[in-house]
Amino acid sequence: MIGWLIFFFSIFLGMLGYASYLSYRKNRTSDEFILGGSNIGAILGFLTFSAALFSAFTFMGMPDFFRTHGVGAWIFLALSDALMVFFLIWFGYSLRKRAALVGYQGVAGFMKSCYGSRYAGYLVFVSSFLFLIPYVSIQIRGISIFLDAAFPQMLPSWSWAAILVLIMLVYSQIGGLKAIVYSDAIQGVIMLIVIWIIGLTCLKMAGGWEQATARVQAVNSELLSLPGPKGLFSMQFLVASAIAIVLIPVSQPQFTTRLVVMKNLKSVHQMAYAVGIFAMLVILPTAFIGLYGAIKYPDASTADFLSQALLFDQAVPVAALAVVGLFAACLSTTNAQIFALGTELRSLLSGSDQFNMRATKISILIFSIIVLIFSSYMSDELVLLARVSFTGTSMIAPVVLGAVIFKHPPKSLLILSSFALGYFILSLLGIVPDKILGQALDFVMYGILALITSVLMIRHHLNQKTLS
Amino acid sequence: MKLKIWKILVLFVSALCIISFIFIFKENKATPELFGVPFIFWTGFLVTLLIVISTYIASKIFPFDDPKKS
């Protein structure tokens, strides 16, 4: 096993090193470092978007989600992702249209320019910081749990996380966004290959699809329908999750920035349907692994199930490739998000280019340290924590949508999103209830936000018409 | 013509979503199966596939030009 691990890791690290070398330029500007020259084509764009989207939470969380909550997990993630890519067709166009007019250096800076208010920029940055840090920490926590279970007493738990962050820091500091895009492409391909090899092996061990579902039926028939054995996949949960996931490109800056830095609109649109196909291809084998787990490891802990299904039940080279694949999946999401936080901070700065570049690099280092510390305190509920992160950042969606739709967006959207974000944070802290009239808070908040946002936008549109 | 197809696609995807969540994805419904695949899984897969195909068509007929180019 160790020999195979060293072999695959050497190839993987060699490719990352080459990606950094290709991306490095001595006298680059902060724009080149942060926005990768805004010239990313469809194939690279789709791989970087997919790798940033499908992370350790997909690789590890989704099999466990299928195992614990059943086949409704497909609707929770795959269907929501499909809706998101359809939405990208319009959103990519509208975002690029506004970015062409006012310029783009990051979502926070973009909002500051669109609203003519520094507060708009700070609101986006605070939301990103508050919800991306836990999300990145989840990824790191996930890989640490897995590696710790797979190789007990080989290294202290925290050192797995430290190695990952160190690798990420080295190549992102050398090559900037371009290196991250190249490395995402490598990681996306590895992830897809590995998840299919493991998925097909698990399906074979379960006796093929028909026998697997028959055996799941015998173990726990509730896994084959909604809302699942624990009642998680209620209609409210699925609808609220779909909204949160559709809004990811609006409210998570690492995705918004990827839409702007692509070569042209055609590339954005090609990337959109390619991500949709990739989503289906990546999530399907996680269902095979999950159903296999439901038959063979129904009562095992998450870490035990994953280390058995992904490692010990596989042939040695596949298991070694799985470790590298997981590491790659985690790395691609982590680097996208930490780099995005640096980008957001930089878009709010107004100093010289040299100063901004230095400040961005230092901020990426600081964010990495915060994430490392935070990852020690996270719980093991990877998917649910990821969903909280999606929901939290989506509270600023009215602000971003207002900015891409209107030339002079209504400032009332800033008040609305601030209130929503504040209330959601208070609910997480347990200060206000997480249910309203017996309904899930996020579901109710989306309803209220959609209604008020529509009213504010229609009123603003009519006012503008009257003025002109 | 492109604008019309785009509007029809948006309407189709919106209607598909509403119909799916209200009428198809019902709780405690595991049949009818399709080749041994439980109802929720194959209907969920089919709806997902239809939306991805709609995205592909939308990318081909999107009626507006690249803003950066213009």
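Residue numbering restarts at 1 for every chain, and letters A, B, ... go by the order of the sequence lines.
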Give, as side chain, backbone, both or neither, the part of Met280(A) having an atom under 4.5 angstrom from any heavy atom of chain B. side chain
Please give me the minimum heavy-atom distance between Met235(A) and Glu27(B), naming the atom from each residue. N-OE2, 4.0 Å
Check: Val71(A) and Phe45(B) side chains under 4.5 Å, non-hydrogen atoms: no
For the backbone of Ala82(A) and the side chain of Thr48(B), can you confirm whether one donor and one acceptor N or O come within less than 3.5 Å of each other? no
Residue among His269(A), Glu222(A), Glu210(A) with most heavy-atom pairs under 4.5 Å to chain B: His269(A)
Nearest 0.5 Å, what's the CD1-CD1 distance between Ile53(B) and Ile277(A)? 9.0 Å
Is Ser80(A) close to chain B through its backbone or its side chain, or both, or neither, when contacts mean heavy atoms under 4.5 Å? neither
Going from CZ on Phe25(B) to CD1 on Ile75(A), what distance comes out if it is rounded to the nearest 0.5 angstrom? 4.0 Å
Once you round to the nearest 0.5 Å, how far does CZ of Phe86(A) lie from CG of Leu50(B)? 12.0 Å
Checking Ala212(A) against chain B: side chain, backbone, both or neither under 4.5 Å from a heavy atom? neither
Just give me the residue among Leu83(A), Asp81(A), Leu101(A), Val239(A) that pairs up with chain B most often, heavy atom to heavy atom, under 4.5 Å. Leu83(A)
Got a second to check how far Ile51(B)'s CD1 is from Met84(A)'s CE, nearest 0.5 Å? 12.0 Å
Heavy-atom pairs under 4.5 Å with chain B - which of Gly228(A), Ser225(A), Ala274(A) has more of them than the others? Ser225(A)
Report which part of Tyr56(B) has an atom under 4.5 Å of a heavy atom belonging to chain A: side chain, backbone, both, or neither. both
Under 4.5 Å to a heavy atom of chain B? For Ile89(A) that would be both
Residue part contacting chain A, namely of Leu16(B), when any heavy atom lies under 4.5 Å: neither
Select one option (side chain, backbone, both, neither) describing which atoms of Lys26(B) are under 4.5 Å from chain A's heavy atoms. backbone
So which atom in Asn28(B) and which in Pro227(A) form the shortest heavy-atom distance, rounded to 0.1 Å? OD1-CD, 3.9 Å
Kindly indicate, with the supporting measurements, whether the criterion side-chain contact (heavy atoms from CB on, under 4.5 Å) is fulfilled by Val47(B) and Trp74(A). CA-CA 11 Å; Val47(B) 173; Trp74(A) 178 270; over 6 Å; no
Side-chain heavy atoms of Asp65(B) within contact of Leu265(A), under 4.5 Å: no
So do the side chains of Val10(B) and Trp90(A) get within less than 4.5 Å of each other, counting heavy atoms only? no
